[in-house]
There are 2 protein chains.
Amino acid sequence: MSIKPTIPKGSRDFTSDVMYRREFIFENVKAIFKNYGYSPIETPAMENLETLTGKYGDEGDRLIFKVLNSGDFLSSVELDGSMSSKLLTKKIAKKALRYDLTVPFARFVVQNQDKITFPFKRYQMQNVWRADRPQKGRFREFFQCDVDIVGTKSLLSEVELIQLTDDVFSSLNIPNIEININNRKVLVAMVDIMGANNYFNDIVIALDKIDKIGFDNVKSEIINKGVSVDACKIMEQFLLCNTISELELLLVKSEMGIEGVKELKFIFDNIEKIGLKSSIIKFNISLARGLDYYTGCIFEVISKDLDIGSIAGGGRYDDLTSVFGKKDLSGLGISFGIDRIFLVMEQLNLFDDQIKKQTSVMFVNFGEQEALQCLPMLSKLRSNGIRSEIYPDCFKIKKQMSYANNKEIDFVIMYGEDEISQGLLNIKNMSDGSQENIDIDSFMKQIINHV
Amino acid sequence: MSIKPTIPKGSRDFTSDVMYRREFIFENVKAIFKNYGYSPIETPAMENLETLTGKYGDEGDRLIFKVLNSGDFLSSVELDGSMSSKLLTKKIAKKALRYDLTVPFARFVVQNQDKITFPFKRYQMQNVWRADRPQKGRFREFFQCDVDIVGTKSLLSEVELIQLTDDVFSSLNIPNIEININNRKVLVAMVDIMGANNYFNDIVIALDKIDKIGFDNVKSEIINKGVSVDACKIMEQFLLCNTISELELLLVKSEMGIEGVKELKFIFDNIEKIGLKSSIIKFNISLARGLDYYTGCIFEVISKDLDIGSIAGGGRYDDLTSVFGKKDLSGLGISFGIDRIFLVMEQLNLFDDQIKKQTSVMFVNFGEQEALQCLPMLSKLRSNGIRSEIYPDCFKIKKQMSYANNKEIDFVIMYGEDEISQGLLNIKNMSDGSQENIDIDSFMKQIINHV
């Protein structure tokens, strides 16, 4: 009896075509991170459930994939028919799949602090898992790509990460990138002036959706939570600010607000002086970032060409590690949404055809004796970094050529009886169909210039 | 209350030092795979439990990590105090973490057969998870690196994979690599001649341990299972064969045996003709490979310098995909044990110091104004691929220098008040302590030659 080959919903197989394009993104992104002095780390797929629980809100806790204890996990559990799933989970699952890279990173920093040089500049590119309802562009296993610097409060880091972000998207040739910037201190000051301090989280969560639902819906959402109509009028004034100078006027009386404005000014002034390669930066007072660990500058990146939400986002956090026992370690990070960046590049047709190229050269197989004569030439080509193969079986030429076509191979080499007696290769250029007879060394010179 | 930062036993954090060395291995291995025309694929971390169950024996089934169904997983389960862990698992866990790359690969091939060009040459480098008891060199999350060709019975593939294996280890500069080769058909014929067909699996499993436990223990193990003393005498004759010609004499009457010998001869003859870069190949009649899907040539790679078992291994299988509904798809694969290869390279001190290098250049931070003057120079260096950073805070020089030392940075640049007025950088070469004053363009030329 055979099993139907399927995979769990929300997960994906990546065929080679897709892999080559993903790797193209990874390699570019990595090279930029390294250029800025960031180093890679990795953490295990499974964390202790306790490490993750309570860090992502109730909804997040539900969406964490829990892993069953191994062995006879019921041996020390008294099963009871009225047990809830939640209670039983506690008794039979101590481990879970990581939900993001931020919490494991905070855990890593505290656990490995003796091995780390601070300020610690790291990047991390790994999968995360969420039991979210799968939909277009949302998967249960997806890739995150985070870069963080912890152990400094310097605003130079904000400037650096914005430059790095610009570098990432310009290296991928993605046009019309807009980096939206705001500051949590400004939002805290705004909510304070609104007299709505108790509703800070509600306001931030509602604001985060303003692009999708509009101001009126944001307003009714927070009024429903208990914010007053007068407070909403003050908020509206803030949301009308298009420049930092306008904002400054509204915040003159708030110490925290002034601090936030100062930070924003520093960042905008210096980015303007240095200049970005292709992105534009934009002050956006309605940018809120739903996560509650942010304390300073926040940013979010969008493609103006495609309406799929943010493709990168991050900000400054002043106290991410205290839950693991290390206080006052300020940091700044940004996360790149590789799956969405992939989508943007596909839609805008930005992947070079060359990326798909798997093999450059294929030898046709004319039979065992002929094939064996090709092996030393294959070694020679490979030693020179030319991706080469021989069709393993002596099947009909048509079948072998169709394989070469499907793999988008550049050159097909015929080395049959005739060619062997002449000592020359018959080489077919698959892109223009031309053929020529030359020796292996001349061919190699030619192809090295071509590849 | 703070949580103690720990990770599940048998799992690992990888710090940057280790990551750089692992990446060095990955990059080398990948380049070789691509040179031979193999393309990357990836499969999801979670497979349907049904896909994995029954493929790795009873012991394997126990060691698979199962993932709890998400949401209120008990809603449709009637809990019963006498339920066994095994029965409950079936009701509450439909998914599991992959246990190896072979079964997911077989599932992938069948599921994606319409998108695949056969013969399909793929490599796959991903983590796998096993609830094994952790010990030195054995982890619960570890990396596998598999390369396979399916859809051909050609022995050229065996020759190719042996060349590829040799290329991998020679590109990593690992000396004294021995590739042991045997053939399952020879073993089947031997067991047939022994008259012990019913004990084939027992004999193979025992033989697999001969290096560790010696012939006498192999013998008593299989005699305990029911193999006769006379049969063991025949086996001993086989095990004394050091060459394929000696073996041939014992197998003249066995059709299958002759077939196996023919395959071995083809491989050895042709490898001899082509030559290997640094490995040696050795016929080893006692090599058995414990997995029961192998049907032809099998191989296993060891380092003669370090007694840690095989660092790569594989073989031909004729029917891996039939369980998923596709019959008669012969293939050949080899799996590289990256964790063990890492260990060999560490022990033999084969990692170049350069691998650890994270950043080439660091600017000292003399204060906000000075630092801002460094930013355009940083951009210039980075645009030229020179990994550069500025210390984010204006702390004491000593602290900044110690950071540079820890990160093994090559050059530290002082660009303070004096240097700014002169328009020259003061550059300290951290390896020899020398200092000089030059302009940024000259420095860049110099370092591009250095890096």
Side-chain angles (χ1 to χ4, degrees), chain A residues 2-3 5 7-8 11 13-16 19 34-35 37 39-46 48 50 65-68 70 72-74 79 81 83 85 93 95 107-108 110-112 115 117 119 131 141 152 154 156-157 274 323-325 358-359 371-372 375-376 382 387 389 392-393 403 406-407, chain B residues 2-3 5 7-8 11 13-16 19 34-35 37 39-46 48 50 65-68 70 72-74 79 81 83 85 93 95 107-108 110-112 115 117 119 131 141 152 154 156-157 270 274 323-325 358-359 371-372 375 382 387 389 392-393 403 406-407:
Chain A
S2 77
I3 299 164
I7 50 177
S11 65
D13 278 334
F14 294 113
T15 55
S16 300
M19 281 297 292
K34 287 182 176 170
N35 257 350
S39 311
I41 68 156
E42 280 187 7
T43 61
M46 285 186 270
N48 293 320
E50 186 194 42
F65 277 111
K66 287 96 182 172
V67 178
L68 261 183
S70 41
D72 184 11
F73 58 87
L74 283 180
L79 274 192
M83 235 175 209
S85 297
K95 294 179 291 295
R107 194 265 312 140
F108 176 99
V110 182
Q111 190 173 339
N112 297 283
K115 299 178 204 158
T117 306
E141 173 177 53
T152 174
S154 166
L156 279 181
S157 303
I274 308 162
V323 65
F324 299 110
Q358 300 167 358
T359 313
L372 291 172
L375 297 188
R382 288 170 183 154
R387 301 178 184 180
E389 57 184 292
D393 296 286
Y403 172 88
N406 285 338
K407 275 189 102 169
Chain B
S2 77
I3 300 163
I7 49 177
S11 65
D13 279 333
F14 294 114
T15 57
S16 301
M19 281 296 293
K34 287 182 177 172
N35 257 349
S39 312
I41 68 156
E42 279 187 9
T43 61
M46 287 187 268
N48 293 320
E50 187 195 39
F65 277 112
K66 286 97 183 169
V67 178
L68 260 183
S70 41
D72 184 12
F73 58 87
L74 283 180
L79 274 191
M83 236 175 208
S85 297
K95 293 179 292 292
R107 195 265 312 140
F108 176 98
V110 183
Q111 190 172 339
N112 297 282
K115 298 177 204 158
T117 307
E141 173 177 53
T152 173
S154 165
L156 279 180
S157 304
N270 284 299
I274 310 163
V323 66
F324 298 110
Q358 299 167 359
T359 312
L372 291 173
L375 297 188
R382 287 169 182 156
R387 300 178 185 180
E389 57 184 291
D393 296 284
Y403 172 88
N406 285 338
K407 275 190 100 167

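Each chain gets a letter, A, B and so on, in the order the sequences are listed, and its residues count up from 1. Reckoned from all heavy atoms, side chains included, excluding hydrogens, waters and symmetry mates.
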Given heavy-atom pairs under 4.5 angstrom as the criterion, report whether the side chain, backbone, both or neither of B:Ala45 touches chain A. both
What residues, two or more places apart in sequence or in another chain, satisfy ring pair (Phe, Tyr, Trp, His ring centres under 6.0 Å) together with B:Phe14? none
For B:Ser157, which atoms come within 4.5 Å of any heavy atom of chain A: side chain, backbone, both, or neither? side chain
With respect to chain A, which residue among B:Pro40, B:Ser39, B:Ala131 yields the maximal number of heavy-atom pairs within a distance under 4.5 Å? B:Pro40
State which residues pass salt bridge (Lys or Arg N to Asp or Glu O under 4.0 Å) with A:Asp13; sequence neighbours excluded, sorted by chain then number. B:Arg107
Nearest 0.5 Å please: distance from the CG atom of B:Asn48 over to the OG atom of A:Ser11. 7.5 Å
Chain B contact via A:Lys115 - which portion, at a heavy-atom distance below 4.5 Å: side chain
Ranked by heavy-atom pairs below 4.5 Å to chain A, first place among B:Gln111, B:Met46, B:Arg382 goes to B:Arg382
Bottom line for B:Lys95: the part with an atom under 4.5 Å from chain A's heavy atoms is side chain
For chain A, the option from B:Ile274, B:Leu375, B:Leu79 that forms the most heavy-atom pairs under 4.5 Å: B:Leu79
Do the non-hydrogen side-chain atoms of A:Ser2 and B:Val323 ever get within less than 4.5 Å of each other? no
Taking atom CG of A:Asp393 and atom OG1 of B:Thr152, what is their separation to the nearest 0.5 Å? 3.0 Å
B:Tyr403 and A:Pro119: which non-hydrogen atoms are nearest, and at how many Å? CE1-O, 3.2 Å
Count the heavy-atom pairs under 4.5 Å between each of A:Glu389, A:Glu141, A:Arg387 and chain B, then report the option with the highest count. A:Arg387
Which bit of B:Leu156 is near chain A, if near means a heavy-atom gap under 4.5 Å: side chain, backbone, both or neither? side chain
Under 4.5 Å from any heavy atom of chain A, what part of B:Glu42 do you find: side chain, backbone, both or neither? both
Hey, which of B:Val110, B:Ile41, B:Thr43 has the most heavy atom pairs under 4.5 Å with chain A? B:Ile41
I'd like to verify something: which residue of B:Ala93, B:Pro8, B:Gly37 has the highest number of heavy-atom pairs under 4.5 Å with chain A? B:Pro8
Contacting region of A:Leu74 [heavy-atom separation from chain B under 4.5 Å]: both
Identify which part of B:Ile7 has an atom lying under 4.5 Å from any heavy atom of chain A, answering side chain, backbone, both or neither. both
With a 4.5 angstrom heavy-atom cut-off, which part of B:Asn112 approaches chain A: side chain, backbone, both or neither? side chain
